Structure formats: structure tokens, C-alpha cells
Amino acid sequence: MFTKENLIDTLVHQGKRKKLAEEMAKLGIHNPNVLDAIRKIPRHWFFPKDFEQFAYRDAAFPIDYGQTISTPYTVAFQSQLIDINKDSKVLEVGTGSGYQAAILSEMGAELYSIEYIKPLLEEAAKILAEINPKVKLFHGDGSLGLPKHAPFDAIIVTAGAPIIPDSLKLQLKIGGRLVIPVGSEKENQQMIRITRKSNTEFSHEKFGDFKFVPLKGNQGWEI
Ligand code: SAM
């Protein structure tokens, strides 16, 4: 449970983040804005106080309701793939802990993030309010996107989908990117980037295997 006393950020935490960013760079993360955001955002704020010693390992960690905070490498890799700049309007599907949202907003994105588990969203909202109150949070089925706020420069899905939802592709601007893990419900998914070339044309690129909790909902797995 988040309380304001958790918001401590010591030189030790900062040193661990510097090391984590170096580790990410060695693994191939080269976008300086992503590495800067890893250095700046206190990942331990998104962990229960008793488990904060796990915050700066490159590992996923369970959060409530059977969900996870993705590995720092996965967060960095997806943040790099969506290829955003300070003016980008971005939708994140799967707010979870809020850590990825904090990273993207630190990179300058105008960020919309949607989560279908309300208590998770409420916890994330408390931490994000301290980091960047401009992040716009929504409760609902993100497999359908956020049509009222579309189009987006980029959409990042942080849960494993069975298919590439047309609903998300069609909420991209021309030139916009959708980064989404697609594959099995329980095993690995392949990271895919779709770029909207025109109203009707989309290109697809594949970026290897990852393992996410399932995307549920209308265009996801059954709830
Ligand atoms: N980005 C998150 C972070 O930084 O902690 C990682 C989140 S976790 C790997 C995936 C999240 O997607 C879970 O919180 C899950 O509840 C959420 N999710 C799954 N299906 C969803 C849907 N249809 N709409 C919105 N959120 C969904």
C-alpha cells in the first residue's frame, strides 16, 4: 500500500539506478531519453516497502491481483521501440504499477494510460500524482484503445495479446507506431511493431520473444 513515507530517494537508490541504466545500455538500449528516464524515476516507489531491495534488479516483480511490474529491460525496450519525442501523444494499455507510465511521461510524452483492474489503477494514480500529475489515467478495456482521445503517435501494450487489435491500429496517426506483444496466453509472445503507413497500409516488424501477463477484454483473452 502506497503512503507518502515511501517517497524517499537516497543517494544509494540513485546509485542503483545509475547502475541499472548502465546495465540497460550494455543490453542494447541506446536511446538517451530512455536511459535518462531509468536514471531519474525511482522504481522502488512502485514496490511494497518490504520488497524495495528487488527494485533495481532486472527482473519482473508480482504486484496485486496476479499482475506484474515488467522487467526494467522490457520497459526500456518497449519505450525505445515506440520511438517518441517530447511532442508525442502516447497511449499505454495496462497501467499496472504505473512505472512504465512514469518512464514515458519523464521522456516527455503526453501520456494516456488505461488499466482494467480499478484498485491497481487507483494505487498507480497515487504514485503518478507525485511524479507527474499530467499523466491521464483511465479505467476500462484498453484492448479497444481510447477512441475518444485518438489518434495517437504511439500505442504501447504492456500485456500479451492473442491478436493485433484493429481497434488499436486504427487509433494511430499516419506514421504512428503500435508496439504490442502477441502470442500465447501462458507462454511467450513476440514483440511486434506496427507502423501506420497510410489510412489502409501498415508495416510489421518483429523483435523477439518476451513474456507478459495476458491482455484481457474484447480484443484480448477471455476475462
Ligand atoms: N506497464 C505496467 C507497469 O509498468 O507496471 C506493466 C503492467 S502488467 C505487465 C500488464 C497490465 O495490463 C496489468 O496491470 C493488467 O491488469 C493490464 N491489462 C490486461 N488487460 C487489459 C485491458 N484489456 N485493458 C487495460 N489493462 C489491461
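We're numbering straight along the sequence, starting at 1. The structure presented is a predicted model; accordingly, all values stated were derived computationally and were not measured. One-based numbering, in listed order, for ligands and for the atoms of each.
Each of the atoms 1 (N), 4 (O) of ligand 1 lies under 4.0 Å from some heavy atom of Gln100. Residue Asp141 approaches ligand 1 through these ligand atoms, each under 4.0 Å from one of its heavy atoms: 22 (C), 23 (N), 24 (N). Every atom of ligand 1 is numbered from 1 in the order shown, and the set under 4.0 Å from a heavy atom of Val213 is 8 (S), 9 (C), 10 (C). Each of the atoms 23 (N) of ligand 1 lies under 4.0 Å from some heavy atom of Ser143. Of all atoms in ligand 1, numbered sequentially from 1 with element shown, those under 4.0 Å from a heavy atom of Leu120 are 14 (O).
If you look at Gln67 next to ligand 1, the close heavy atoms, those under 4.0 Å, all belong to the side chain. When non-hydrogen atoms are compared, ligand 1 lies under 4.0 Å from neither the backbone nor the side chain of Ile63. Contacts between Ile117 and ligand 1, counted as non-hydrogen atom pairs separated by less than 4.0 Å, involve the side chain only.
Salt bridge status for Glu110 with Lys136: present, with a side-chain N to carboxylate O gap under 4.0 Å. Under a 4.0 Å N-O distance rule, the pair Asp9/Arg17 qualifies as a salt bridge.
Although no hydrogens or angles enter the test, the distance criterion places a donor-acceptor pair under 3.5 Å between the side chain of Gln189 and the main chain of Glu187. Of the possible polar contacts, none joining the Arg39 side chain to the Lys18 backbone as a donor-acceptor pair under 3.5 Å is found.
Hydrophobic cluster membership for Ile194: Leu91, Val93, Tyr112, Ile114, Phe138, Leu146, Phe152, Ile155, Val157, Ile164, Leu168, Leu170, Leu172, Leu178, Ile180, Val182, Ile192, Phe202, Leu215 (Ile, Leu, Val, Met, Phe, Trp, Tyr linked by side-chain heavy atoms under 4.5 Å, directly or transitively).
Regarding atom 16 (O) of ligand 1, its nearest protein heavy-atom neighbour is Glu115 OE2, 2.6 Å. Protein heavy atom closest to atom 9 (C) of ligand 1, with residue, atom name and distance, is Thr158 O, 3.2 Å. Protein heavy atom closest to atom 19 (C) of ligand 1, with residue, atom name and distance, is Tyr116 CE2, 3.4 Å. The nearest protein atom to atom 24 (N) of ligand 1, hydrogens excluded, is given as Gly142 N, 2.8 Å; this is a heavy-atom distance. Scanning the protein for heavy atoms near atom 20 (N) of ligand 1, the closest one is Lys216 N, 3.0 Å. At the top of the distance list for atom 12 (O) of ligand 1, counting protein heavy atoms only, stands Gly94 CA, 3.2 Å. For atom 8 (S) of ligand 1, the nearest non-hydrogen atom of the protein is Thr68 O, 3.1 Å.
For the pair Arg177 and Leu81, the minimum side-chain heavy-atom distance is 4.5 Å or more.
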Is there a ring-ring contact (aromatic ring centres under 6.0 Å, His included) between His44 and Tyr56? Walk through the geometry before answering. CA-CA 7 Å; His44 64 281; Tyr56 296 108; 5.7 Å; yes

Verify side chain to side chain donor-acceptor pair (under 3.5 Å) between Glu92 and Ser113, making sure each step is shown before the conclusion. CA-CA 5 Å; Glu92 177 195 27; Ser113 183; 2.7 Å; yes

Give the intermediate values and the outcome of side-chain contact (heavy atoms from CB on, under 4.5 Å) for residues Glu123 and Ile127. CA-CA 7 Å; Glu123 261 319 271; Ile127 312 173; 5.7 Å; no

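For Gly140, the heavy-atom gap to ligand 1 drops under 4.0 angstrom. Contact analysis leaves Gln219 out of contact with ligand 1, as no non-hydrogen atom separation drops below 4.0 angstrom. For the pair Pro214 and ligand 1, a heavy-atom separation below 4.0 Å is found. Put simply, part of Ser70 is less than 4.0 Å from ligand 1, judged by heavy atoms.
In the candidate list Pro72, Gly96, Ser97, Ser97 is nearest to atom 5 (O) of ligand 1, counting heavy atoms. The nearest non-hydrogen atom to atom 2 (C) of ligand 1, considering only Asp64, Ile103, Asn218, Thr95, comes from Thr95.
A distance of 4.0 Å separates NZ of Lys49 from CD of Glu52, quoted to the nearest 0.5 Å.
Residue Ser105 comes nearest to Ala102 through the heavy atom pair OG-O, 3.1 Å, listed as atom of the first residue, atom of the second, then distance.
Residue pairs meeting the salt bridge (charged side-chain N to carboxylate O under 4.0 Å, His left out) criterion with at least one partner in residues 66-90, sequence neighbours excluded, are absent.
Between the side chains of Ser79 and Gln100, a donor-acceptor pair is found at a separation under 3.5 Å.
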